[in-house]
Structures are given as C-alpha cells and as structure tokens.
Amino acid sequence: MKHAAPDLSPYQCLGEALGEALDKWQNQVALIEADRDRENCRLTYSDFQRSALSIAHVLQRAGFKEADRGAIIMSNQSKWLIGAYAVFYCGGVLVPVDHKLSASEHLPLLAHAKVKLLIVEYPLWRLLTQAAGFKELAVPTVIVTEAPRDLDLSNSWRWEECRDSAEPRFVPRRRQDIASIVYSSGTGGRPKGCMLTHENYLEQCQALMAWYPFCPGVRYLSILPTNHAIDFMVGFVGPFVCGATVVHLRTLRPEYVKEAFSRYKITYVSVVPMVLKALESGLRARFKALPMHRRWWLDRLVALNRGLTRNKPNPTLSRRLLPQIHQAFGGELLAMITGGAFVEPSTLQFFYDLGIPVANGYGLTEAGTAITVNDLKPFRADTVGKPLPGVEIKLVNCDA
Amino acid sequence: MLTFDQTLQQLILLASEHFKVPASQLNPDDDFFKKLGINSLQTLDLLTKLESHFNVELPDYELQGVSDFRTLAERIQSRL
C-alpha cells in the first residue's frame with residue numbers, strides 16, 4: 001500500500017475537503033455497512049456523494065441554511081456520515097449527539113444547541129417522543145431513519161424517502177467558522193458544548209494522517225461511536241480525504257466483530273481501553289489453555305518477535321512468526337488506536353509483542369481531540385506519545 | 001407463544017442466573033446496568049444469551065436507550 005499524507009492546507013472547510021475527496025476517489029469503496037453476517041450496503045465515493053447531495057438538497061428546500069445547526073443521534077452506520085456531509089455541504093454546524101444517552105438527556109442538549117435539524121434513528125426517535133418534555137422540543141426539520149413503513153411519522157420525514165435529484169448549492173465556510181458543537185462531559189459532570197472550527201478539524205486531520213496515513217485499500221473498522229471526536233476523525237474525515245474505506249457494523253457482539261476483522265481485512269481499528277483489556281484477557285486465557293509444548297513455542301516466538309521489532313513494527317515479519325494470532329485479527333491489521341482512559345503499559349506491551357501495535361494517545365474534545373499519540377518510532381508502553389505536529393503542550397502543576 | 005409476563009419473568013431469571021444476582025432482588029422497572037452491575041460489553045453477552053433462549057434476533061440498534069427489564073421484555077415480545 002502506498003501511503004501519503006494528504007495536504008489539506010488549500011481547503012477552507014470540511015465540506016470543501018470532503019467534496020474534493022468524493023470527486024477524487026469516485027470508484028473507491030467509501031463505506032461498507034454490515035449487520036451480523038449480512039452486508040447491508042457497500043458505497044463507492046460516488047454513491048456516497050449522490051446520496052449526500054440528495055439529502056443536502058432536501059435540507060436546503062426545508063430552509064436549512066449557513067450556520068444552522070444540525071444534530072445527528074445515530075449509532076455507527078452509513079447514514080451518519082452521509083447526513084454529516086449533507087450538513088457541511090449546506091454550510092451547517094454539525095451537532096453529533098451521543099446516541100447512548102437517554103432520551104431525557106438528549107432533549108436538553110438539542111434545546112441547548114438550538115438545532116434546526118435532527119437526523120435520528122427510529123428506535124431513538126421513538127424514545128424521544130415518549131420522553132417528558134418532548135412537546136417543548138422545537139426542531140423544524142426531523143429526518144427519521146429506518147422507521148417502519150406503515151408508521152405515520154406526522155411532521156417528521158422518512159430518510160428513505162428523502163430523494164431529490166436536483167443539484168444543491170454548496171455553501172462554503174471559512175476556516176475560523178464553527179464546524180461542530182460536540183457535547184462532552186470529559187471524565188464527569190454536565191456535558192458542555194465544545195465548539196470546534198473547520199480549521200481545528202483540518203489541522204488535526206493533517207497531523208494525524210502524517211503519522212498514520214490512510215490510503216485506498218486501507219479499511220478502518222468504526223466501532224467507537226462516530227459522535228465521539230476520535231471516530232469522527234479517524235472513522236470519517238481522515239479515511240475519506242485519503243480514499244480509504246470505513247467499515248460499519250450494526251452490532252458490536254464480539255463474535256461478529258471478530259468475524260468482521262477477517263471478512264473485511266481490517267487495517268486499523270479504534271477501541272476503548274476496556275475493550276483492549278477484554279481482548280487481552282481473552283487471548284491470555286487461550287494461551288494459558290494451550291498444551292505445554294505449544295505454549296513453550298508460543299512464548300519463544302513472541303520473545304523473538306519482541307526482539308526483532310524493538311526499533312519499529314514489522315507487520316510482515318510478525319505475521320510470519322505468529323500467523324494464527326494475526327489471522328484471528330484478519331491478517332492485515334497494522335495497528336489499533338486507543339485513548340480516552342488510562343491503559344496499563346503491560347497491556348500495550350502485550351499487544352506490541354504479538355506484532356499488533358496499539359497507538360495510545362491523549363486528548364480532549366475542546367482541544368481538538370488528539371493532542372499526543374504514540375508514533376511507534378520506537379514503540380513505548382509507558383507513554384501516551386509525543387505531541388502531534390503543530391500541537392504545543394504546556395504542563396501545569398505537574399506535582400499537584 | 002409466551003405471554004408478556006412469561007417473557008419478562010424468564011428474562012429476569014436468565015439475567016439473575018447469568019450474573020449471579022438473586023432474582024428476588026430484580027424488579028421489572030430496575031435499571032439492569034445498575035442492578036446487575038454490568039457494563040455495555042456484558043450487556044451484549046446477555047443479549048446473545050437472550051437471543052438463544054427466546055430464539056429471536058435482537059438488533060443492538062433497536063435496543064438503544066433500553067435500560068430496564070420491562071422495556072427489554074417488550075422488545076423481545078414484539079419479535080416472538
């Protein structure tokens with residue numbers, strides 16, 4: 001695979017950068033959406049563009065305009081990204097809301113953000129309509145996805161019927177304009193709306209892709225919620241500007257996630273530390289259950305891999321030394337990305353020794369998400385990495 | 001076909017056995033995350049067990065926002 005970091009400096013806004021990517025990578029597969037062992041859809045960049053522009057025109061017809069705020073409450077799926085691009089195309093401000101919150105938590109956030117548009121999955125919409133305070137919610141345009149066919153949605157629109165072949169008008173934004181409002185509570189407390197500019201995203205994307213370049217052929221498994229800043233960047237903006245493929249799973253049951261690694265030959269995945277720990281525990285339990293002679297060989301091969309990859313990862317070598325382990329992850333996994341909570345160095349070392357580096361990072365939504373990431377040059381288990389290019393860090397009250 | 005009450009009762013019994021919490025301590029309107037002391041990964045485990053027991057498919061996305069036994073039983077019942 002040829003890796004080259006994209007140059008996003010010519011672009012003023014996400015709509016522009018993504019739009020050019022859709023033109024550039026037309027025939028590449030942009031999205032694969034699977035539900036258990038069924039594949040729901042596979043969209044090329046061209047298909048994606050057609051769907052998003054159709055939604056964008058519907059939004060413009062409904063009066064959605066520059067700087068209007070459009071919320072999305074959905075689990076990871078293709079319509080999330082299509083809806084987000086449609087909002088950017090119209091010059092809107094995206095409000096990605098955590099779909100795991102309760103309806104009574106969603107309502108105040110939607111009211112606080114003063115959204116003019118809501119794109120929501122039907123099961124969540126049903127809960128919203130049943131929540132106390134729903135009648136006070138004043139959102140002019142609501143688009144509901146996957147609603148049952150025979151259901152009357154009254155004033156809301158059915159996503160599947162939002163088809164419009166007319167060409168919408170692209171509304172450009174400037175770098176300093178707000179691109180999104182992301183509600184984040186950090187490690188606790190009341191969620192606050194973090195206002196991130198187009199420049200924040202473009203610079204962040206440029207920096208991350210410089211260290212972990214995506215390209216056509218790379219397949220990113222999107223497991224973390226896309227409303228979260230990490231997946232929004234590495235599961236949407238980053239892969240798209242580089243022509244890579246994003247794989248969405250409609251279920252996160254471990255057995256289907258495992259299968260997806262093999263079926264789609266996943267290259268990168270982001271996981272929360274809790275999942276990483278669960279993976280480690282599962283692998284350790286399997287290793288422990290091996291017959292003594294096989295365990296002896298495994299330990300030697302892991303030690304050999306550790307020694308030979310001390311300075312930098314060598315995926316080809318690691319896959320040859322430990323084929324069964326790598327096959328379990330699809331055979332093409334280059335790295336896992338993690339952050340958001342403390343990860344024990346022993347866990348990071350465990351995966352690195354198997355030839356599966358974990359890029360551990362640190363960041364916070366209001367600072368543009370990732371601040372530091374381990375660049376694996378060389379790998380170190382005891383750090384969250386170096387500041388990304390263009391990021392300045394000041395340590396305050398280190399001993400407090 | 002099971003009645004709703006039977007579905008609810010079986011659901012509570014299964015959860016009780018799986019997570020070793022006495023059924024007598026579980027009520028239909030309890031938040032199962034809190035009452036069973038489980039995280040989202042463990043919930044997926046429970047859903048797989050429920051699918052196998054009731055012989056239905058319970059899509060994760062249809063269960064978003066569901067946190068009490070009664071609503072979970074309603075979702076199962078609608079698929080029986």
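Below, chains carry the letters A, B, ... as their sequence lines are ordered, and counting in each starts from 1. Quick caveat, the model's predicted, so the values are computed rather than measured. What you see below is based on every heavy atom in this structure, not just the backbone, and it leaves out hydrogens, waters and symmetry mates.
Separating the CG atom in A/Leu252 from the CG atom in B/Leu41 is a distance of 9.0 Å, to the nearest 0.5 Å. From B/Glu57, atom CD reaches atom OG1 of A/Thr251 across 8.5 Å, with rounding to the nearest 0.5 Å.
By the neighbour-count criterion of 12 heavy atoms within 6.0 Å, atom CD of B/Gln10 is densely surrounded, having more than that number from other residues, nucleotides or ligands. Within 6.0 Å of atom CZ in A/Arg286, 12 or fewer heavy atoms from other residues, nucleotides or ligands are found, so the atom counts as exposed in its surroundings. More than 12 heavy-atom neighbours from other residues, nucleotides or ligands sit within 6.0 angstrom of CG on B/Asp29. Heavy atoms from other residues, nucleotides or ligands lying under 6.0 Å from NE2 of A/His112 number 12 at most.
Looking at A/Ser75, both its backbone and its side chain come within 4.5 Å of chain B, counting heavy atoms on both sides. Proximity to chain B is absent for every atom of A/Gln77, based on heavy atoms less than 4.5 angstrom apart. Only the side chain of B/Asn39 comes within contact range of chain A, with heavy atoms under 4.5 Å apart.
Between A/Arg126 and B/Glu74 there is no salt bridge, since no side-chain N of the basic residue sits under 4.0 Å from a carboxylate O of the acidic one. A salt bridge links A/Arg36 with B/Glu51: at least one charged nitrogen is closer than 4.0 Å to a carboxylate oxygen.
Contacts between residues 270-282 of chain A and chain B, defined by a heavy-atom separation under 4.5 Å, are made by A/Met274, A/Val275, A/Ala278. At a heavy-atom separation below 4.5 angstrom, chain A is approached by B/Pro59, B/Asp60, B/Tyr61, B/Glu62, B/Gln64, B/Gly65 within residues 59-66 of chain B.
Between B/Thr48 and A/Arg253, the shortest heavy-atom contact is OG1-CD, 3.4 Å.
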